[in-house]
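Working notes, beginning with the structure itself.
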Amino acid sequence: MDYQNLQLTSSDGILILTISREKALNALNGQTMQELQHFFGTHLPAQAGVKGVVVTGAGAKAFVAGADIKEFLALDEDKGAEMGQRGHDVFFLIERAGVPVVAAVNGFALGGGCELAMACHMRIAGENARFGQPEVNLGIIPGYGGTQRLLQYIGKSKAIELMMTADMINAEEAYRLGLVNYVVPAGEEVNKAVELIQKIAKKGPIAISKIIETVNAFYQYNEDGFAREVKAFGETTGTEDFKEGAAAFIEKRKANFKGE
Ligand code: CAA
């Protein structure tokens with residue numbers, strides 16, 4: 001698929017995915033959602049040796065300012081539910097990716113933009129980042145997982161307040177509440193995200209994918225996260241990486257993991 005609204009670059013096994021609709025503050029229109037679905041559902045799983053993905057927005061003003069409000073006028077109840085379902089499908093692909101996905105939040109992350117950042121495994125905020133779920137201003141609710149993921153990160157009290165008031169919070173407040181992992185000077189978000197992925201890439205890749213799987217299991221109503229952990233722990237002990245990791249410890253050398 002040729003991407004119109006996504007720019008993809010690669011450096012040393014790390015993919016940098018930039019949402020590129022700068023004039024619309026990188027709002028997620030239908031085309032962009034299709035492209036994200038293709039990237040995370042088809043392109044990424046077919047790539048070997050990817051260490052991780054950084055998701056960011058074009059320009060210095062916005063990460064993503066939400067779903068594209070200009071496409072909203074065509075919605076009715078059925079089409080709205082369809083749109084919500086597609087958003088959930090795409091963002092679950094991100095959350096369930098087998099490699100770390102880090103959001104580099106370079107400005108406004110509102111509505112679907114905040115939800116996109118929350119679907120990623122970790123978030124780096126530039127000092128100018130602003131987070132919020134302002135959907136009630138439009139008479140709707142968050143539709144791409146925000147009602148669930150915001151409270152997973154910051155707890156029910158503050159999440160319900162932010163969703164009901166549509167208030168925006170700055171990077172420091174987002175850090176204080178536990179929504180973001182690091183705050184960095186504006187313009188340094190992608191570098192910090194790359195640094196984090198490089199650090200993780202030194203670990204066993206199968207173990208990293210199992211961490212993602214088991215942590216996600218906690219939030220799935222039909223999963224027993226503890227049972228999933230037992231299974232995944234067993235699976236990791238059956239890998240060549242585990243033999244290598246344990247041998248490296250005993251031989252007092254760095255492990256050379258192969259993802260096998
Ligand atoms: N959809 C479509 N276009 C958008 C947009 C959006 N979500 N956000 C900004 N834009 C466009 C503006 O329409 C404007 O385009 P024009 O120049 O063609 O008029 C351009 O981006 C620049 O925006 P502003 O002039 O508004 O810039 P500003 O600096 O004055 O304000 C802002 C910035 C506070 C982010 C403001 O643009 C804003 O409030 N945007 C909407 C945020 C929002 O409500 N997001 C939630 C959408 S609903 C949703 O996401 C539902 C869901 O859960 C899936």
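In listed order, ligands and their atoms are each counted from 1. Computed over heavy atoms, backbone and side chain alike; hydrogens, waters and symmetry mates excluded.
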> Does Leu110, backbone or side chain, put an N or O under 3.5 Å from an N or O of ligand 1?
Replying inline: no

>> Quick check on atom 24 (P) of ligand 1 - does any protein heavy atom sit closer than 4.0 Å to it?
In response: no

>> I'd like to know whether Asn170 forms a side-chain contact (heavy atoms from CB on, under 4.5 Å) with Arg130, so could you lay out the CA-CA distance, the side-chain angles of the two residues, the decisive distance to 0.1 Å, and finally the verdict.
In response: CA-CA 5 Å; Asn170 64 21; Arg130 296 284 178 279; 3.5 Å; yes

> So, Lys210 and Glu229, do they make that salt bridge, N to O below 4.0 Å?
Replying inline: no

> So His43 and Phe39, would you call those rings parallel, tilted or perpendicular, with 30° and 60° as cut-offs?
Replying inline: parallel

> Among protein heavy atoms, which sits nearest to atom 11 (C) of ligand 1, and what does the distance come to when rounded to 0.1 Å?
Replying inline: Ala24 CA, 3.9 Å

>> If hydrophobic clusters are built by linking Ile, Leu, Val, Met, Phe, Trp and Tyr wherever their side-chain heavy atoms come under 4.5 Å apart, do Val64 and Phe108 end up in the same one?
In response: no

> From atom 31 (O) of ligand 1, is the closest protein heavy-atom distance below 4.0 Å?
Replying inline: no

> What residue and heavy atom of the protein are closest to atom 1 (N) of ligand 1, and at what distance?
Replying inline: Ile69 N, 2.9 Å

Side chains of residues 180-188: which donor-acceptor partners sit under 3.5 Å, not counting sequence neighbours?
residue	atom	partner	partner atom	Å
Asn181	OD1	Arg123	N	2.9
Glu188	OE1	Asn191	ND2	3.2

>> Would Met83 count as a polar contact of ligand 1, with the cut-off being nitrogen or oxygen pairs under 3.5 Å?
In response: no

>> Tell me the contacting part of Pro134 for ligand 1: side chain, backbone, both, or neither, using a 4.0 Å heavy-atom threshold, strictly below.
In response: side chain

> Does the N or O separation between Ile140 and ligand 1 drop below 3.5 Å for any pair?
Replying inline: no

> Using a heavy-atom cut-off of under 4.0 Å, does the side chain or the backbone of Gln133 touch ligand 1, or both, or neither?
Replying inline: neither

>> Closer than 4.0 Å to some heavy atom of Phe72 - which atoms of ligand 1 meet that?
In response: 48 (S)

> Are Lys79 and Glu82 close enough for a salt bridge, meaning some N to O gap below 4.0 Å?
Replying inline: no

>> My question is simple, although I want it checked carefully: is atom 8 (N) of ligand 1 less than 4.0 angstrom from any protein heavy atom?
In response: yes

> Of the listed options (Gly84, Gly143, Gly66, Ala65), which comes nearest to atom 43 (C) of ligand 1 when hydrogens are ignored and any heavy atom counts?
Replying inline: Ala65

> Is any NZ, NE, NH1 or NH2 atom of the basic residue among Glu260 and Lys258 found under 4.0 Å from an Asp or Glu carboxylate oxygen of the other?
Replying inline: no

> Where do Leu15 and Val50 land on the side-chain contact (heavy atoms from CB on, under 4.5 Å) test, with the steps shown first?
Replying inline: CA-CA 7 Å; Leu15 303 183; Val50 172; 4.0 Å; yes

>> Please determine whether salt bridge (charged side-chain N to carboxylate O under 4.0 Å, His left out) holds for the pair Arg149 and Glu95, giving the CA-CA distance in whole Å, both sets of side-chain angles, and the decisive distance to 0.1 Å.
In response: CA-CA 11 Å; Arg149 290 195 180 96; Glu95 192 168 69; 2.7 Å; yes

>> Protein heavy atoms near atom 45 (N) of ligand 1, is at least one of them under 4.0 angstrom away?
In response: yes

> What atoms in ligand 1 come closer than 4.0 Å to a heavy atom of Phe108?
Replying inline: 33 (C), 35 (C)

> Does Arg130 reach ligand 1, in the sense of a heavy atom lying below 4.0 Å from it?
Replying inline: no

> Heavy-atom distance from atom 36 (C) of ligand 1 to the protein below 4.0 Å?
Replying inline: no

> Hey, which atoms in ligand 1 end up nearer than 4.0 Å to a heavy atom of Tyr144?
Replying inline: 53 (O), 54 (C)

> Which ILVMFWY residues are connected to Tyr219, directly or by a chain of links, through side-chain heavy atoms under 4.5 Å apart?
Replying inline: Phe218

> Between Asn106 and Ala60, is there a donor-acceptor pair closer than 3.5 Å when you use the side chain of the first and the backbone of the second?
Replying inline: no

> Which residue supplies the protein heavy atom nearest to atom 21 (O) of ligand 1, what is that atom called, and how far is it?
Replying inline: Lys23 O, 3.3 Å

>> Taking 4.0 angstrom as the limit and counting only heavy atoms of Glu115, give me the atoms of ligand 1 inside it, by number and element.
In response: 52 (C), 53 (O), 54 (C)

> Can an N or O of Ile141 be found at a distance shorter than 3.5 Å from an N or O of ligand 1?
Replying inline: no

>> Assess whether a salt bridge exists between Arg228 and Glu213, defined as any Lys/Arg side-chain N lying under 4.0 Å from an Asp/Glu carboxylate O.
In response: yes

>> Go through it in stages, so that I can follow the logic: the residues are Gln148 and Gln152, the test is side-chain hydrogen bond (donor to acceptor under 3.5 Å, both in side chains), and I'd like the CA-CA distance, side-chain angles, deciding distance and then a yes or no.
In response: CA-CA 6 Å; Gln148 307 300 297; Gln152 290 168 9; 5.7 Å; no

>> Just to be sure I'm reading this right: ignoring hydrogens, which of Gly145, Ala67, Gly112 gets closest to atom 47 (C) of ligand 1? Compare them by their nearest heavy atoms.
In response: Ala67

> Hey, is Ala27 touching ligand 1 through its side chain, its backbone, both or neither, going by heavy atoms under 4.0 Å?
Replying inline: side chain

> Of the backbone atoms (N, CA, C, O) and the side-chain heavy atoms from C-beta on, which set of Asn137 has a member under 4.0 Å from an atom of ligand 1: side chain, backbone, both, or neither?
Replying inline: neither

> Of the choices Glu22, Glu135, Lys70, Arg21, which has the non-hydrogen atom that lies closest to atom 18 (O) of ligand 1?
Replying inline: Lys70

> Backbone N or O of Ser20 within a donor-acceptor pair of the Thr18 side chain at under 3.5 Å?
Replying inline: no

> Considering only heavy atoms from C-beta outward, does the side chain of Leu138 approach that of Phe72 to under 4.5 Å?
Replying inline: yes

>> Donor-acceptor pair, distance only, cut-off 3.5 Å: does the side chain of Asp241 make one with the backbone of Ala207?
In response: no

>> Between Glu115 (side chain only) and Tyr144 (backbone N and O only), is there a donor and an acceptor less than 3.5 Å apart?
In response: yes

>> Looking at ligand 1, would Pro142 count as a contact under a 4.0 Å heavy-atom criterion?
In response: yes

>> Under 3.5 Å between any N/O of Gly111 and any N/O of ligand 1: does that happen in this structure?
In response: no

> atom 2 (C) of ligand 1: which of Leu25, Leu138, Asp68 has the nearest heavy atom?
Replying inline: Asp68

> Given the protein's heavy atoms, is any one of them under 4.0 Å from atom 53 (O) of ligand 1?
Replying inline: yes

> Can you find a non-hydrogen atom of Lys61 under 4.0 Å from ligand 1?
Replying inline: yes

